[in-house]
Amino acid sequence: MTALISIESLGVAFHGVPVLRGVDLTLRKGEALGLVGESGSGKSVTWLAALGLLPRHAQVSGSVKLDGRQILGAPASVLDQIRGGRVAMIFQDPASALNPVLTIRKQLCEALALHRDLSGEAVKAEALRLLNLVGIPDAGRRLSAYPHEFSGGQVQRIMIAMALAGNPDLLIADEPTTALDATIQAQILELLSTIRREMNMAMVLISHDLGVVAENCDRVAVMYAGRIVEQAPANQLFADPVHPYAQGLIGALLPLDGPRRRLTAIPGTVPDPAHMPGGCAFAPRCALAADPCGLAAPTLAPIADDRAVACIRAETSRRALLGIAAE
Amino acid sequence: MSAPLVEVSAIARSYAMRSGMFGRSTAVHAVDGVSLAIPKGETLGLVGESGSGKSTTGRIVLGLEPPDTGEVRFGGQPMAAPGTQAWRAQRSRMQMIFQDPLGALDRRLPVAAQIREPLDIHSVGTPAEREERVRELLRAVELTPAHGTRYPGALSGGQRQRIVLARALATKPDFLVCDEPVSALDVSIQAQVVNLLCDLQAQLSLTLLFISHDLRVVRQISSVVAVMYLGRIVEIGSADDLFARPEHPYTQALVSASPAPGRRSAGRIVLSGDPPNPAARPQGCAFHPRCPRAIARCRSEVPTLSGVGGDRQVACHLVAGPQAATRDAA
Amino acid sequence: MGRYFAIRIGRAALTIVLVVTFAFVVLRLSGDPALMILGPEAPPEVIAAFRKAWGLDDPIWLQYLDYFSAIAQGELGRSMRDGRPAIQLVLERIPATLALTLPAFFFKVALGVPAGIYAALHRGSGIDRAVMMTAVAGFTVPSFVLALLLVLIFAVQLGWLPSGGQDSWRHAILPITTLSLGGAAVLARFTRSAMLEVLGQPYIRTASAKGVPWRKVVTSHALPNAAIPTVTILGFMVGTLIAGAVVVESVFAWPGVGRLLVVAVANRDLAVVQCILLLVAMTMVTSNLVVDFLYGFLDPRLRAKGAHA
């Protein structure tokens, strides 16, 4: 199956400071990929760069292909067609994600007018259909309302409706539920799941919340300091993480039931991109670090079918984990 | 069982909120009839979403705001009114740490000076003793004196929160209120700070009120947990038991909404409807519009907290109280 | 809605009363009008007669009451210098002032706002820096310095334009230019920061992510939001249309309201000063009211009644 979108060696730097150091990702049609990482990992920058949404002064290198066609560095007219049309993106902060001085109707219809060949009454009908699809009650009246008249969860639903306006093949959700309450988060995630299944849409779910990603994605990629450090199917990653950072993250995730245990905290902090340590960026915080780790950054290497890890101590790490499990 | 260090009896607090430019003002019942008792050395976790009133409760418990009705007692004594001399003296025994460490620190002062400030205010010891105490506190939060010379802007989020914690512990308080202290931190740093809090609590016999929307963190650090919804406590019980076997429908939905690896979405309880608007609280049980199991009674009568066995109390017509037996007939 | 405006109008009226009271008190405390007008050599009986005629011997609170009751009846007093009604003196000067301030306002907006928008859209570029440096120069240089500089260059050195008076349309060029440059500088800087703030908002990124072409993002999404704070400062500038040209009129000997004010203050010509101040206060307050009105039109968040928080 050919990839829907394929990213190779994507690098991004701001004023000479690299924040993305060579990211490789592929996504197939209908697949759900989870991208997990903490601040500074580059998980959002990856997709902003792919869609050309970074500020002008960002230095972007590498290759991003949509259906085999290179879109990185493509002219604005091409990118405008793709954005919202083939690839849609929704963001985190619902409070200010919609233009406060325009009605919902204007903003929705703008998206529809750009990507669908509809006019007049058909546009309004479609807008209503989308609002109903995402569960906005009393859609007819609410069309003429302004963003501040909706709650955070509802604004996020409207964002999703706008994203779906162009019938995209890929939806990138950048921390869509982080700013929302837990019960609303559950609603939004369920909505995304339903839509994805019904429209066979691919999805990238970016989050710092491992739990959210675990439950909603087929595959997960873990990012650290601008690189992907591990990639695996979701259930395998959480059962058996190999990269020490992934292990640390999963160890920091507590179950709500079962015995309490002390959190395995990863010591230290995420390095400053301007002062990145040579070699593996995680080495200063890694319990398994050895001398070779400081020499060169490890590349993402496959260790099994559909699994890849960027760690030269992967085997040791795995054995250590299995050793603990065996006790 | 010793007398609780902090005892809160039926506190209520409302704010007048004006709707729109010139609408009539409505009363927002931020907190409505909350009673808590925190034994010395224990941690009470207060859980709820936005609009639940948990932050307001934290402020009232600390004496930062007076309740409209009800009483707060600290160490057996009633809480003094804010701004009075007696109240100021009580400050050294209770402290608070917040969600935004950068906002809680003064950007213009080196952090060591900020840790020292409570000691200066309450005139604790000699200046030399205060310096020594600052060093001691930095060690306690796993930072070095070198960190103390820096400005807040030069520290990471986790380090700043440690400084805030050090400052809160300066006057050796008995009671600490933590309002979402780790929510703004990265996951790996959250773990560090939570571990630190647990350790310090054990070492210093601190009593904690831990307010958060993150169930996992609350479970890790609390012995007792209270769940709030629109200003009222809907369920209270021991932490492990409450999360393992939640009784109130809202708690069940909260627990179910918390995603966990290895468990797929099937069987998840997803609440319908909008999050609550504190200015327009529903009649009867505040949760009934979103409750999957609401009965007629829920619309008219406010449920009260009643025991359901062990140390668990639930405010739900279906679960506790004399009418629980008739729920099948509903 | 009615209550909203009733409160605003009430506040406006109070502002006007306070302004005029303040002027009333200060003028009387700062010197004897009779001496100012008649000169120090005038014989004491003449001064006494003058004072009696103008009620200056009455206790101050009585003067104040007289004054306000007169205003209420539409009687704004007479100039102590030439006895004509103050309001007449002021009104006949207004066209001259407007001949300067209205074109200047137009140029300020036409120059300043596009410059600010352009600078914001090309932030950090050479043009942005050039525009900003010019703007800073424009509003830090005091208007009289700028005026004198322009006179020096264009009237004295080059001899292209006249340096003072009001004889032909050519005489208006330098004063209008002086007024425009200062205002354009302020507007450019202000518009730039309003635009920058808006461009940094998440909804701009949402619009781009929807595939809206950049041009349309700027015109449909950014500008309507940036207009809101810009309207504030424009309203302020409109409020200064009547008396904002005091310095420029003085430098160029342009017979407008500003010049009249300067002369009247020097002479303690109470009625005229009070009349002008009343006029200025009313203009300012009216333009603020209009701006408040406009806000409701531009920003739907302010229109909402009982909106869900």
Side-chain angles (χ1 to χ4, degrees), chain A residues 36-41 135 137 150-154 177 180-191 193-194 207-216 220 234-235 237-239 245 248-270 272 285, chain B residues 47-52 142 155-159 183 185-196 198-199 213-221 239-246 250 253-266 268-277 290:
Chain A
V36 173
E38 297 175 302
S39 46
S41 56
F150 294 90
S151 68
Q154 288 174 324
T177 55
L180 303 172
D181 281 327
T183 49
I184 312 302
Q185 175 167 296
Q187 290 179 352
I188 300 293
L189 289 173
E190 202 203 19
L191 175 66
S193 264
T194 312
S207 183
H208 66 274
D209 188 334
L210 281 166
V212 163
V213 167
E215 281 201 12
N216 293 283
V220 177
N235 50 359
L237 180 69
F238 289 97
Y245 176 62
L249 271 189
I250 288 161
L253 186 69
L254 304 151
L256 266 184
D257 43 24
R260 281 193 213 191
R261 54 177 176 79
R262 193 173 166 77
L263 292 170
T264 49
I266 309 173
T269 52
V270 178
D272 181 357
R285 304 172 76 186
Chain B
V47 169
E49 299 177 297
S50 48
S52 57
E142 292 162 17
L155 295 170
S156 72
Q159 288 169 328
S183 308
L185 303 174
D186 276 332
V187 170
S188 54
I189 313 297
Q190 279 188 21
Q192 291 176 16
V193 176
V194 170
N195 281 347
L196 178 64
C198 288
D199 291 341
H213 66 275
D214 188 338
L215 302 184
R216 300 164 190 289
V217 175
V218 168
R219 190 233 167 168
Q220 182 72 0
I221 199 171
D240 292 335
D241 196 37
L242 189 136
F243 289 128
R245 275 169 295 280
Y250 176 61
L254 261 189
V255 169
S256 164
S258 193
R263 179 185 64 164
R264 292 267 84 184
S265 331
R268 147 126 350 118
I269 301 170
V270 178
L271 293 178
S272 61
D274 284 331
N277 179 2
R290 303 171 79 199

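Because the structure is a prediction, the values reported are computed rather than measured. Every chain is numbered from 1 and lettered A, B, ... according to where its sequence line falls, protein lines coming before strand lines.
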Can you name the closest pair of heavy atoms from A:Ala182 and B:Ala257 and give their distance?
-> O-CB, 3.5 Å

Measure the NE2-CD distance between B:His213 and A:Gln185 for me, rounded to the nearest 0.5 Å.
-> 8.0 Å

Chain A heavy atoms under 4.5 Å from B:Val187: which part of the residue, side chain, backbone, both or neither?
-> both

Residue part contacting chain B, namely of A:Glu190, when any heavy atom lies under 4.5 Å = side chain

If you measure from CD1 on A:Ile184 to OG on B:Ser50, what distance do you get to the nearest 0.5 Å?
-> 8.0 Å

Verdict with reasoning, A:Thr183 to B:Glu49, per side-chain contact (heavy atoms from CB on, under 4.5 Å) = CA-CA 8 Å; A:Thr183 49; B:Glu49 299 177 297; 2.6 Å; yes

Give, for atom CG of A:Asp181 and atom CG of B:Leu271, the distance between the pair rounded to the nearest 0.5 Å.
-> 11.0 Å

Side chain, backbone, both or neither: which part of B:Arg245 has an atom under 4.5 Å from a heavy atom of chain A?
-> neither

